[in-house]
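Take a look at the structure below.
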Amino acid sequence: MSLAPRLDLRQSQSLVMTPQLQQAIKLLALSNLEIEGVIAEELERNPLLEASAPADDAPAAEREPAEAPRDEPAGADELVMGGEAAGESLDVDIAAERFDDAPADTVGLGGAGSVGGSGEDAPDLDSFASDAPSLAEHLAQQAGHALSGVELIIAQHLIDLIDEAGYLAADLLDIAGRLGVPLALVERVLGVIHTFEPTGVGARNLAECIALQAKEADRYDPCMARLIDHLDLLARGEIARLKRICGVDDEDMADMIRELRGYDPKPGCRFGGEPAPAVVPDLFVARTASGWAIEINNATLPRVLVNRRYYGELAAGPQNKASKAWLSDCLASANWLVKALDQRQRTIIRVATEIVKQQEAFFLNGVAHLRPLTLRQVAEAIEMHESTVSRVTSNKYLSCARGQFELKYFFTSAIQAADGGDAVSAEAVKSAIRALIHNEGAKVLSDDTLVELLNARGFDIARRTVAKYREAIGIGSSVQRRRQKALEGVG
């Protein structure tokens with residue numbers, strides 16, 4: 001057996017993830033608003049791209065992507081970007097190392113769908129934005145009128161430490177040490193902040209916040225003070241013990257609890273913090289006479305074109321080897337982005353169309369008719385990989401007559417039917433639990449009773465599953481609900 005070195009030639013095939021292909025896959029997982037940011041960056045970087053639509057009288061040639069000159073055989077990237085790859089999908093199953101077939105031209109169920117967005121008909125969500133000052137600004141303005149000098153500096157420092165709910169979560173002794181001022185001075189400045197609007201701001205705990213509001217309403221008598229000091233007993237519903245501590249009868253206790261309910265436990269929230277970003281739908285679904293119309297929301301997705309005229313002007317001018325290579329790269333990148341965005345829209349429409357087809361009963365009759373659905377089912381129906389469907393349904397929202405839903409909402413686990421019939425979705429079970437508890441009346445339903453009622457409706461479900469779903473939709477246990485009803489009866 002020879003151990004001498006030698007050279008061997010081997011030929012093999014493998015899937016190469018080019019940077020352009022990686023970018024196209026990432027585009028699938030982005031929402032329209034995120035795509036808008038990507039397009040803005042590309043427009044700034046690539047002079048051959050333009051976002052504005054061409055004029056109606058512009059030559060047709062200017063509206064089409066320019067083809068790169070070919071002085072040599074096309075490489076792998078050019079084949080993907082060129083006309084020969086127009087039918088290639090951007091869907092990639094890395095594990096299986098294959099390309100899926102491209103989706104067909106975008107259509108709606110019943111032939112009513114389109115890729116076009118609603119344009120000017122889209123809701124102007126920016127009109128809901130508020131210019132109201134923040135809590136910190138509101139407090140700083142009041143501090144400027146009430147304090148000055150060192151006290152104003154201390155007040156500004158305290159205001160910076162107040163959270164969005166209006167509470168001061170800091171130790172006054174530490175603050176005094178950091179600022180190098182007496183603790184009594186910090187306490188005096190905090191006392192001034194306690195007089196600011198909204199009443200209760202700057203409190204260090206719930207009891208102090210409620211006490212400040214009770215003092216403002218001139219209701220802070222000894223009985224109310226003892227009640228505020230024992231809010232934990234009130235939360236547990238120990239009304240009899242509270243009456244003994246406060247020294248009041250049933251009528252006075254009811255009045256005091258009613259008074260407490262009128263106070264705001266989070267006074268700072270009325271000003272809010274940073275405005276929550278509005279959720280803009282990526283898709284619109286509407287019922288038509290011939291089926292379902294499914295449209296991409298182009299109001300948040302600018303149209304991107306390749307400026308062929310500008311490319312011709314640059315290509316006709318004097319060029320060296322470096323400038324020619326740079327221009328070719330810009331052209332290839334621009335062509336790829338246009339094709340990738342077009343393929344992205346087609347893929348989204350194809351996935352959404354299948355979701356609407358599978359969940360048509362939901363769109364017609366509501367959440368109780370939501371069917372169990374998995375990513376694999378949709379992927380097999382449209383002949384794409386499951387990972388592609390997952391990317392398409394991430395961070396994207398659908399707007400329909402029943403409201404606005406994330407695409408992931410339509411994928412729910414299955415609950416077996418008690419009579420052996422078709423399985424139902426977890427969301428339908430949650431809706432049934434919510435309806436039962438909402439209509440329970442004075443008799444609070446335990447989880448065991450809920451299981452019996454759900455079994456009577458045909459849901460084969462265990463008690464632990466009922467408890468899990470009840471907690472998921474934010475409903476307390478039967479003990480908590482019974483205690484809440486008792487407090488409401490006293491108030």
Side-chain angles (χ1 to χ4, degrees), residues 17-46 49-53 65 77 80-81 85 88-94 99-100 102-103 106 113-119 122-123 125-126 276-285 294-306 332-356 375 378-379 382 384-400 404-411:
M17 294 288 290
T18 63
Q20 292 89 349
L21 189 55
Q22 292 180 21
Q23 180 194 34
I25 293 174
K26 290 179 181 178
L27 292 180
L28 283 176
L30 301 180
S31 66
N32 278 7
L33 293 180
E34 292 170 328
I35 286 290
E36 188 176 8
V38 172
I39 291 176
E41 292 179 3
E42 290 295 324
L43 289 172
E44 185 177 355
R45 187 185 65 84
N46 196 332
L49 285 173
E50 60 180 16
S52 57
D77 292 350
V80 175
M81 289 184 289
E88 296 289 332
S89 171
L90 301 180
D91 175 39
V92 177
D93 175 11
I94 300 175
F99 286 91
D100 286 337
T106 304
S114 69
V115 178
S118 58
L125 298 176
D126 291 338
V279 175
V280 180
D282 301 271
L283 291 157
F284 294 106
V285 175
I294 305 171
E295 298 183 348
I296 291 284
N297 181 12
N298 279 341
T300 57
L301 193 63
R303 186 182 180 190
V304 181
L305 299 174
V306 179
S333 177
N335 272 328
W336 176 263
L337 181 63
V338 171
K339 290 180 181 295
L341 290 175
D342 179 69
Q343 184 65 53
R344 173 185 177 273
Q345 291 185 228
R346 293 175 183 275
T347 306
I348 292 175
I349 284 290
R350 190 172 181 183
V351 172
T353 300
E354 183 62 27
I355 290 175
V356 174
L375 295 173
V378 173
I382 62 178
M384 284 188 174
H385 192 260
E386 188 175 345
S387 62
T388 301
V389 178
S390 177
R391 291 187 185 97
V392 169
T393 54
S394 297
N395 304 317
K396 295 177 185 65
Y397 290 82
L398 176 151
S399 179
C400 62
Q404 190 161 283
F405 304 90
E406 189 177 9
L407 289 184
K408 292 286 189 184
Y409 174 82
F410 299 99
F411 297 91

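A quick note: this is a predicted structure, and the numbers were derived from the prediction, not measured.
Among Asp342, Ile348, Thr347, the single residue meeting the side chain to side chain contact (heavy atoms under 4.5 Å, CB included) criterion with Arg344 is Ile348.
Note: Thr393 OG1 to Leu375 CG = 5.5 Å, rounded to the nearest 0.5 Å. Summarising the geometry, atom CG belonging to Leu283 is positioned 10.5 Å from atom CD belonging to Gln404; distances are rounded to the nearest 0.5 Å. Atoms CG and CD1, on Leu27 and Ile35 in that order, are 4.5 Å from each other to the nearest 0.5 Å. Atom CD1 of Ile25 sits about 5.5 Å away from atom CZ of Arg391, to the nearest 0.5 Å.
For the pair Arg350/Ile294, no side-chain contact is recorded, criterion being any heavy-atom separation below 4.5 Å from C-beta on. Within the 4.5 Å cutoff, the side chain of Ile355 has heavy atoms near those of the Phe411 side chain.
Here Glu386 pairs with Arg376 under the side-chain hydrogen bond (donor to acceptor under 3.5 Å, both in side chains) rule; sequence neighbours left out. For Leu43, the side chain to side chain contact (heavy atoms under 4.5 Å, CB included) partners two or more places apart in sequence, or in a different chain, are Ile39, Leu49, Ala51. Partners of Lys26 under the side chain to side chain contact (heavy atoms under 4.5 Å, CB included) rule, at least two apart in sequence or in another chain, do not exist in this structure. Legend: residues meeting side chain to side chain contact (heavy atoms under 4.5 Å, CB included) with Ser31, ordered by chain and number and at least two apart, are Leu33, Glu34, Asp282, Asn395.
Heavy atoms only, all atoms of each residue included: Tyr397 and Val280 are closest at CB-O, 4.4 Å.
Counting only distance, with no hydrogens or angles, the side chain of Lys396 and the backbone of Glu406 share no donor-acceptor pair below 3.5 Å. In this structure, the side chain of Asn32 engages the main chain of Asn297 through a donor-acceptor pair within 3.5 Å.
Side-chain atoms of Ser333 and Arg45 form a donor-acceptor pair, as typed in the model, at a separation below 3.5 Å.
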